[in-house]
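In what follows, a single structure is set out as structure tokens and then discussed.
Here is the naming used below: chain letters follow the sequence lines, and residue numbers restart at 1 for every chain.
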Amino acid sequence: MTSFTDSLTGWFNGLTWLPDMSPAIVAVFVAGILALAVFTFMSLNALVAVYFERKVSAFMQDRLGPMEVGIFGFRGGKKFWGGIGQTLADAIKLLGKEDTIPADADRPLFILGPFILFGAAFTAFIGLPIGWGMVISDFNIGVFFITAITSVGVIGIILSGWASNNKWSLYGAMRSAAQIISYELPLGMSLLLVVMVAGSLQFSDIVQWQEDNRWFIIHSPFTVVAFMIFLVSGVAEANRTPFDLPEAESELVAGYMTEYSGFRWSLFFLSEYASMVIISLMTAIVFLGAWLSPVAGILRMFGVPEGWYYLSGPLWGLFWLMGKVAFLIFTMMWFRWTFPRLRPDQLMYTAWKVFLPFALANIFFVGLWELLLA
Amino acid sequence: MAEFGFTGIAALVIASSFWVVTARNLVHAAVALMGTLFGVAGLYVYLYADFLAATQVIIYVGGILVLIIFGVMLTQRISSAVLLQTHMPNRPLAGVVVFFLFMGLTSLLFRTPWHEGEQVMPESTVTIIGTSLLTKYLLHFEVASVLLLVALLGAAYLSRREDG
Amino acid sequence: MTATDSKSSNFGVVETEEMVLNMGPQHPSTHGVLRLKIRTDGEIVTHIEPHLGYLHRCFEKHCENLSYEQVIPFTDRCDYLASMANNHIYALGVEQMMGLEVPDRVEYIRIIMVELQRIASHLMGVGTFGLDVGGITPFTYCFRDRERVLDLFEYTCGARLLYNYIWIGGLSHDLPENFVQYANEFLDYFEPKIDEYNRILTYNKIFIERTGDVGVLPADVAISYGCTGPVLRGSGVSWDLRKNEPYSIYDRFEFDTVLGTGEMGTLGDCWDRYFVRIQEMRESIKIVRQALAQLPEGDVFEALPKKVRPPEGSIYFRGESPRGELGYFIVSDGKNVPYRVKMRSPAFCNLSVINEIGAGWMISDIVTILGSLDIVLGEIDR
Amino acid sequence: MDLQSIVKSVRGAQPEALVADAAQEEHLELTPDRWREVARHLIDDADLQFDALMCLSGYDEGPEGSLAVIYHLFSMQHKHKLEVRIKVPRDGGSLPSVADIWRTADWHEREAYDLFGMTFEGHPDLRRILLPDDWEGHPLKKDYLTPDYYRGIPVPKDKRGWE
């Protein structure tokens with residue numbers, strides 16, 4: 001299995017016109033290029049997702065959304081692609097904003113906080129594949145790695161909430177810590193189910209299993225439950241409504257972000273949208289057959305021979321995966337613009353008394369199911 | 001490359017643990033601890049114990065450290081307390097002890113005949129760990145889980161509201 | 001907590017520190033510039049102390065220097081979400097002092113306007129309540145429909161928020177052309193929309209969890225604190241001045257008093273108060289429909305007095321504004337300037353109950369409870 | 001119940017409380033010192049049951065007269081109303097608080113104190129409510145003079161804009 005890293009390294013080593021380079025220097029170059037790629041992806045993702053979110057919310061709320069800042073001008077007297085440049089304009093505005101640090105804030109931690117959060121989201125992309133071999137590093141513990149690294153982000157939130165020296169921020173940080181730690185358990189438990197069935201923690205193995213058998217969401221009734229628990233816990237993990245308690249704007253002003261502005265605030269923003277993508281990618285890869293074509297899956301079910309499988313291949317795979325991710329992100333937005341927010345104790349109740357028992361029972365039953373039916 | 005990375009990680013561990021010990025603010029100490037824990041996870045990666053490394057991150061950084069910061073943060077008196085002892089009458093004595101300890105460890109390091117084996121990269125440690133936990137070390141595993149259960153019950157009892 | 005000061009009987013009791021939190025005057029959910037000083041134990045609120053006056057504009061002092069007609073624009077600015085009701089009750093009070101009879105057409109137009117205003121005000125209350133519990137979409141739905149009411153007002157008197165429409169003894173303008181048709185069109189459009197609010201907000205499971213059983217206000221406490229309007233009716237007390245003490249021509253219309261039922265929890269919880277507002281919009285639609293059908297012809301300016309000089313004496317006149325019992329205590333010394341005007345504002349009394357029903361709940365619930373009281377700071381601070 | 005019977009009932013319970021023969025007037029005038037007892041009687045008596053205090057207003061008779069507090073009472077059971085007036089001296093006037101009898105009175109008494117300056121004895125928390133805590137004077141008194149400055153900011157007194 002080749003990864004982006006391997007192919008990039010191979011490419012560098014193949015450049016015969018360059019003087020011989022030590023592997024260390026090549027590795028630094030490769031790492032730099034990949035980091036730049038991930039950062040570009042995250043920024044582009046935020047740009048597109050924010051625009052998408054604004055338009056989606058606008059259509060759900062009977063209004064128009066951004067309509068003015070466009071780059072495509074007029075067509076037939078109407079604004080064409082109006083508002084498409086809005087998020088770019090906002091990003092530029094954000095970077096130009098004054099960066100304030102409260103006088104009584106704990107300066108080093110106040111500065112460090114957003115970077116930890118951002119770093120965690122950033123690092124998670126190392127292990128997430130987008131196609132056969134299209135991954136920076138295909139760990140043999142990929143699933144576990146993502147779970148571990150996303151749990152680090154909460155430290156960034158707590159630190160920025162505490163360092164702001166603002167009571168609202170502190171409340172946001174408190175809620176966030178409680179929430180993310182709680183929802184990690186059902187999240188991990190539902191992943192465990194898939195790992196048990198597929199017998200591997202490696203993403204490529206899980207996808208391979210789904211190609212050989214069937215997508216996990218239709219594998220058994222228990223994986224359906226696991227999928228639901230995973231998706232909802234994922235929404236909670238990404239701090240989205242109805243679980244956006246850490247930043248609940250009607251209660252805590254802006255929670256842990258209250259004192260942030262400009263560039264640091266945009267780091268929070270990038271991380272939020274990145275974590276949405278991480279959760280959606282995880283869900284799509286683990287439960288929805290990743291880059292496997294649904295057309296091929298259906299054809300196989302009816303016994304159509306291999307030669308008839310169209311719409312597969314690397315580029316189609318990217319299309320299917322991104323389509324699934326887009327659908328999941330849309331679902332999250334749909335949640336956000338439909339539901340009211342939960343109360344902290346109801347949130348905890350949902351995690352510990354509903355999801356966790358279900359997830360645990362799920363593991364037990366799926367074990368039985370596999371033993372008896374497989 | 002490998003030596004380069006190892007040096008970096010070792011430096012991170014030493015520097016951050018030095019910060020943990022000398023930090024005047026307890027929250028800063030806890031944050032510095034994060035560097036140490038991450039560094040140790042990195043060391044595990046060098047030992048091809050990738051599963052253990054991820055476990056180190058998820059349990060120590062994602063769990064225990066969060067709880068430490070959480071606890072320190074919410075106890076107002078602790079975070080403003082001055083931690084560094086300035087009045088230390090036993091300093092010379094401690095210096096002597098530390099010096100001899102350091103000398104002893106260093107000499108041990110150089111005099112040990114280190115066995116350099118073949119570099120074998122195990123296929124996946126996960127399977128080995130999983131199998132041995134459920135066969136050879138099953139009793140230990142179960143005892144640990146009972147201990148955790150007791151801890152869980154105790155925590156639930158403590159945080160229970162009075163009206164039940 | 002050290003080992004020495006913890007008694008053995010205290011074992012298992014976790015000691016916590018209380019924290020004082022200033023909610024407002026700059027806070028998204030205080031519905032204006034209200035400041036709540038809340039003491040919290042973790043997320044649990046132990047005491048709430050409202051601090052008012054950030055929007056005090058000396059309404060009562062102004063009244064002592066303005067003639068009776070000039071007071072009307074000031075009443076607009078008290079409860080700026082229900083200006084018509086403020087105009088109406090003030091004008092009725094002065095008219096009663098003067099013994100002035102107004103033409104039937106004026107009375108009907110006033111009722112139409114006030115009830116449309118009630119719809120607009122309740123839409124605001126419902127929408128912002130949705131916002132308080134975290135649902136943003138219901139808010140835009142409510143505003144979409146509130147705009148249409150404001151369009152009707154704009155069409156009638158040119159103003160969208162502060163109308164100065166109901167004058168002593170008459171109105172500033174007669175109804176414009178086709179108003180009846182437009183109003184009927186609006187009512188036909190609006191009535192099904194209420195079901196839409198119910199679908200997206202009222203019967204949403206999370207919304208019920210957040211509001212049912214929260215901030216329960218018992219009927220006797222509500223009466224003792226002087227709570228009125230939807231807040232009192234949400235506690236199950238059948239008290240509506242339009243029904244129980246009919247003023248103007250309310251006795252000519254068929255409508256019901258909406259009461260809280262405790263359907264989603266205890267009687268008098270936030271959900272009840274919210275649902276009373278939803279149902280009252282239906283009742284207002286009924287009243288407007290009847291008034292539009294019965295609307296007589298006539299001259300709306302014929303009873304306008306040349307000068308307003310009520311005879312010496314005093315009156316306490318009260319009526320049902322969207323927020324509850326709005327009363328004006330007017331003292332006249334026979335001049336064209338009132339000697340004293342005291343406004344009994346419903347939201348002022350409704351807000352005073354916040355510590356009673358809010359203590360012991362979480363910060364999120366305080367926001368919910370405050371939203372369910374539907375306060376307007378312009379009226380509280382005057 | 002009409003005013004005559006209410007007066008009779010109050011006179012029976014608290015003979016000294018009534019100031020004058022108020023039967024011709026539309027309201028009941030009481031002395032400040034017996035007010036709490038009368039209030040108790042008004043809310044507890046089975047025939048009266050004035051359980052709702054609709055409004056509590058401060059009132060100033062003018063620079064020569066005295067201050068007054070006017071209570072508008074209502075009974076949710078019997079649907080009858082009563083207006084009670086209590087006069088207090090202009091300077092340092094005080095009367096007993098009824099904030100524990102009708103909780104509505106709590107904030108309204110604070111408001112009357114804020115704007116008129118009479119004190120309510122036994123009020124749990126008698127502070128200014130609408131005006132800033134450091135405001136000087138009580139603006140709704142008829143002899144109140146608008147200060148020239150508030151915290152160093154000149155107070156505009158030009159009335160041309162609206163008169």
For A:Phe330, does the CZ atom sit with more than 12 other heavy atoms under 6.0 Å from it, leaving out its own atoms? yes
Is it the side chain or the backbone of C:Ile366 that comes within 4.5 Å of chain A heavy atoms, both, or neither? neither
With a sphere of 6.0 Å drawn around CZ of A:Arg107, does it hold more than 12 non-hydrogen atoms of other residues, nucleotides or ligands? no
Are there over 12 heavy-atom neighbours, none belonging to A:Phe358, within less than 6.0 Å of that residue's CZ? no
Could you tell me whether C:Lys37 atom NZ has more than 12 heavy atoms of other residues or ligands within 6.0 Å of it? no
Is C:Val367 close to chain A through its backbone or its side chain, or both, or neither, when contacts mean heavy atoms under 4.5 Å? side chain
Distance col, row A:Phe339:CZ vs C:Asn204:CG, nearest 0.5 angstrom, shows 6.0 Å
Counting only N and O atoms by type, is there a donor-acceptor contact under 3.5 Å from the side chain of A:Arg343 to the main-chain atoms of C:Ser364? no
Steps toward side chain to side chain contact (heavy atoms under 4.5 Å, CB included) verdict (A:Arg63, C:Arg144): CA-CA 9 Å; A:Arg63 49 191 184 88; C:Arg144 174 194 65 199; over 6 Å; no
Can you find a pair of side-chain heavy atoms, one from C:Val133 and one from A:Arg341, that are under 4.5 Å apart? no
Verify, without hydrogens or angle tests, whether C:Thr137 (side chain) and A:Trp337 (backbone) share a donor-acceptor contact under 3.5 angstrom. yes
Does A:Gln346 reach the main-chain N or O of C:Glu209 with its side chain, forming a donor-acceptor pair under 3.5 Å? yes
Under 4.5 Å from any heavy atom of chain C, what part of A:Arg336 do you find: side chain, backbone, both or neither? neither
So, taking the atom named CG in A:Asp62 and the one named CZ in C:Phe143, what distance separates them when rounded to the nearest 0.5 Å? 14.0 Å
Would you compute the distance between atom CG of C:Leu201 and atom OG1 of A:Thr338 and round it to the nearest 0.5 angstrom? 11.5 Å
In this structure, are over 12 heavy atoms from other groups packed under 6.0 Å from A:Met228 atom CE? no
Take atom OH of A:Tyr349 as the centre, draw a 6.0 Å sphere, and report whether it contains more than 12 heavy atoms from other residues, nucleotides or ligands. no
Which heavy atom of C:Ile206 sits nearest a heavy atom of A:Pro340, and at what distance? CG2-O, 3.7 Å
For the CD atom on C:Glu154, are there more than 12 heavy atoms of other groups (residues, nucleotides or ligands in this structure) within a distance under 6.0 Å? yes
By a 4.5 Å heavy-atom criterion (distance strictly below it), what part of C:Leu131 contacts chain A: side chain, backbone, both, or neither? backbone
Region of C:Tyr141 in contact with chain A, defined by heavy-atom distances below 4.5 Å: side chain
Would the distance check show the side chain of A:Lys167 and the main-chain N or O of C:Asn22 forming a donor-acceptor pair, the cut-off being under 3.5 Å? no
Please assess A:Trp168 against C:Met23 for the test side chain to side chain contact (heavy atoms under 4.5 Å, CB included), listing each intermediate value before the final yes or no. CA-CA 9 Å; A:Trp168 299 113; C:Met23 197 163 164; 3.9 Å; yes
